[in-house]
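Following: one structure in structure tokens, then a few remarks.
Residue numbers start from 1 in every chain, and the chains themselves are labelled A, B, ... in the order their sequence lines are given, proteins ahead of strands.
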Protein chains: 2
Amino acid sequence: MSEQQQPPRRVTLKDVARLAGVSHQTVSRAINDKGEIDPDTRRRVLDAARELNYRPSRFARGLVRPGATTLGLIVSDVVNPFFPELIAGVIEAAEAKGWQVLISSTQNHQSREPEVIRTLAAQVDVLIGYLSEPDATLAGATEGVPLVVLGRPVHEPAFGGVVVDAAAGVRAAVAHLVASGHRAIGMIDCPTAAGGVPDRRPAFLAAMAEHGLTVADDAIIGGSPTVEDGEARFTLLRAARPDITAVFTFNDLLALGAYRAARRLGVSVPGDCAIVGFDGLPIGELIDPPLTSVAIDKRRMGAVAVAEAARLLAGEPAGRVTLPVELVVRGSA
Amino acid sequence: MSEQQQPPRRVTLKDVARLAGVSHQTVSRAINDKGEIDPDTRRRVLDAARELNYRPSRFARGLVRPGATTLGLIVSDVVNPFFPELIAGVIEAAEAKGWQVLISSTQNHQSREPEVIRTLAAQVDVLIGYLSEPDATLAGATEGVPLVVLGRPVHEPAFGGVVVDAAAGVRAAVAHLVASGHRAIGMIDCPTAAGGVPDRRPAFLAAMAEHGLTVADDAIIGGSPTVEDGEARFTLLRAARPDITAVFTFNDLLALGAYRAARRLGVSVPGDCAIVGFDGLPIGELIDPPLTSVAIDKRRMGAVAVAEAARLLAGEPAGRVTLPVELVVRGSA
DNA sequence: TTGTACGCGTTATCAG
DNA sequence: CTGATAACGCGTACAA
């Protein structure tokens, strides 16, 4: 039941042919439903194929048949609501070019990236990925397949890159908070965010400084980018710094967790404490109050990545794109 | 810029070899970083490859190298929060078998299913899909690749099938509502749900009848399974039947929309109107009040589907599995 | 270190 | 209607 599918040898057309007492050619005809074949022969061949549990080799087929361009997309976690829209953007853009899309996930196991890249690289013509491993490590796994890296700076000259102007987003969030009268602003950061996204602490400090505000060390607290951690960190932050009237989180998932904690603590949002997230997830609109967030146009990011992939495929030099972000003010701040 | 990537002819190893003035063999060595090659030759070959924009053929490679089993998963919409957990379940189970997973999406275009199946079938050993098209249509597209159909009854003998015991879920939801004192219960159904999921109206009527309750026609309203429709339908339902004290929705997305409408209408949940969803999406826990829902164990569904896929691959007869569901009572009812 | 010959499993062509 | 035979592009002996 848990055999590792270790095929001693593949069942091929010829095996079926032998059993059916025909040529491998005839088998091919039967399998592919070509017309020019005797119904009886056809049946006999199909029976033999079933008996042998024959499956056509996709590689041999692909070798002979001309195939469309296929793009491979690697994300770090399918359950993270950040990715679906990105994926949708990639699919839409790829479809417009007549390309096919294959998606793969590392399920938050960063160390598995090389392996995932390698296997996917064997199936596609070009790769796009939200990857954390160092460029050099990735380069060793692509096997010559072009790669566009998302969400973090790239250095490898051969890689395309698409990032987001996070600093501008942080600045906008802080400016909004300050304009609303907040002075004591805390932050839940994420030093080890999946996807290799650099933390936003420096940008936050700089933005605050622009308004003449300094931030105490205990007003910034780190966590992993999950709802659970958001809940825990907000609770901690609240306990350590009751004077804080607004919290800026590394992403919306953390903000969602903060909501939960606030509800549990009896802290009203935004009355007692304003909250600003980052990412602009669709969920933000569904909660009460709707979440104010620095939104990333994830669909566009996907589309831009596909465009970069096309460049690479065309043999043009790799491009580096920085996407703007937009502060979407809703109810939470 | 929008070339349909119509390769006049593929650049092959031999082309590179010709340009570099070596045998195609030497090129292979250079590309694959084999040791036994003169650094100078290597460089020359690599340059030639870059100049020609050479890419190895994944098919030719796969043909020669032994590859792992690859499973293709087709969903109807990556943005629908129902799927991520299912995908995660499939990935986990497949990984445990040493299989690789490729995901593809029809993006809610049911008519595109055959095409997606066909292209994915060319890349994988076995397929799992949330598919709406009739069995016969699907069968015409699989090209001999085994298929496990999710979420709806299957008839094609060759297909594996995994469904959920929706009727039991509806019964549990209604029983809970009735036990809480509700008598006038409305429903937002979804006759055309993506994924070919049959509507739950009959099950709802039957469940109500078990408690001696009848349902007027205008207490059941249909929509598409989206937040937007949930909002609109709830508003309509409320207007048509102000006496209704509880609403059961086809899925959680509709319930989320109902929340929104309720908030806008000043209807308190569950005070003025209780709400019960279906699917048990993670989002349900994040909203206020937390959503009571008939939960589907989507990860398990994925795992079971993989097991069915393994059966098919082993040549065993196709299996049909029905998964239980569980009413998770939270705050909304 | 480099080149030659062969096979991987399939489909297409062309005879029979 | 059926069967040889030749590709498809690449990697792996083995020979040079």
What are the atom names and distances for every N/O pair under 3.5 Å that joins the protein to nucleotides 3-7 of chain C?
unit_1 : atom_1 : unit_2  : atom_2 : d
C:dG3  : OP2    : B:Ser23 : N      : 2.9
C:dG3  : OP2    : B:Ser23 : OG     : 3.4
C:dG3  : OP2    : B:Thr26 : OG1    : 2.6
C:dG3  : O6     : B:Arg29 : NH2    : 2.8
C:dT4  : O4     : B:Gln25 : NE2    : 3.3

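- In this structure, B:Gln100 and B:Glu95 have side chains that are not in contact, with every pair of non-hydrogen atoms separated by 4.5 Å or more.
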Distance-only donor-acceptor hits, side chain of residues 45-52 of chain B, under 3.5 Å, sequence neighbours excluded:
unit_1  : atom_1 : unit_2  : atom_2 : d
B:Asp47 : OD1    : B:Arg50 : NH1    : 3.4

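- A salt bridge (charged side-chain N to carboxylate O under 4.0 Å, His left out) check over residues 98-107 of chain A, counting only residues at least two apart or in different chains, returns nothing.
- Closest to the side chain of A:Ala60, out of D:dG11, C:dT11, C:dG9, is C:dG9.
- For the salt bridge (charged side-chain N to carboxylate O under 4.0 Å, His left out) condition, no pair includes a residue of residues 67-83 of chain B, sequence neighbours left out.
- An OP1 or OP2 oxygen of D:dT2 is reached within less than 4.0 angstrom by a side-chain nitrogen or oxygen of A:Thr41.
- The shortest distance between the side-chain N/O atoms of A:Thr12 and the OP1/OP2 oxygens of C:dC8 is not below 4.0 Å.
- In this structure B:Asp125 satisfies the salt bridge (charged side-chain N to carboxylate O under 4.0 Å, His left out) test together with A:Arg58, sequence neighbours excluded.
- Distance CZ (B:Arg61) to C1' (C:dG9): 19 Å, rounded to an integer number of Å.
- Residues B:Gln107 and A:Glu92 have side chains that never bring a donor and an acceptor to within less than 3.5 angstrom of each other.
- Contact annotation: B:Ser28 side-chain N/O to D:dC10 OP1/OP2 distance is not under 4.0 Å.
- The separation between B:Arg58 atom CZ and D:dC10 atom P is 12 Å, rounded to whole Å.
- Out of D:dG11, C:dT11, D:dC10, the shortest distance to the side chain of A:Asn32 is found at C:dT11.
- Against DNA chain C, the stretch residues 44-52 of chain B makes no heavy-atom approach under 4.0 Å.
- Every residue two or more places apart in sequence or in another chain that forms a salt bridge (charged side-chain N to carboxylate O under 4.0 Å, His left out) with A:Glu85 is listed here: A:Lys298, A:Arg299.
- As rounded to whole Å, 8 Å separates atom C1' of D:dC10 from atom CG of B:Leu63.
- When the ring-ring contact (aromatic ring centres under 6.0 Å, His included) test is applied to B:Phe82, the partners found at least two apart in sequence or on another chain are B:Tyr130.
- Note on A:Leu13: a base of the nucleic acid sits closer than 4.0 angstrom, heavy atoms only.
- Distance CG (A:Asp125) to P (D:dG9): 14 Å, rounded to an integer number of Å.
- The residue A:Arg55 sits close only to the backbone: its heavy atoms come under 4.0 Å of sugar-phosphate atoms, none of a base.
- Between B:Phe59 atom CZ and D:dG11 atom P the separation is 15 Å, expressed in whole Å.
- Under the salt bridge (charged side-chain N to carboxylate O under 4.0 Å, His left out) criterion, A:Glu156 pairs with no residue, sequence neighbours left out.
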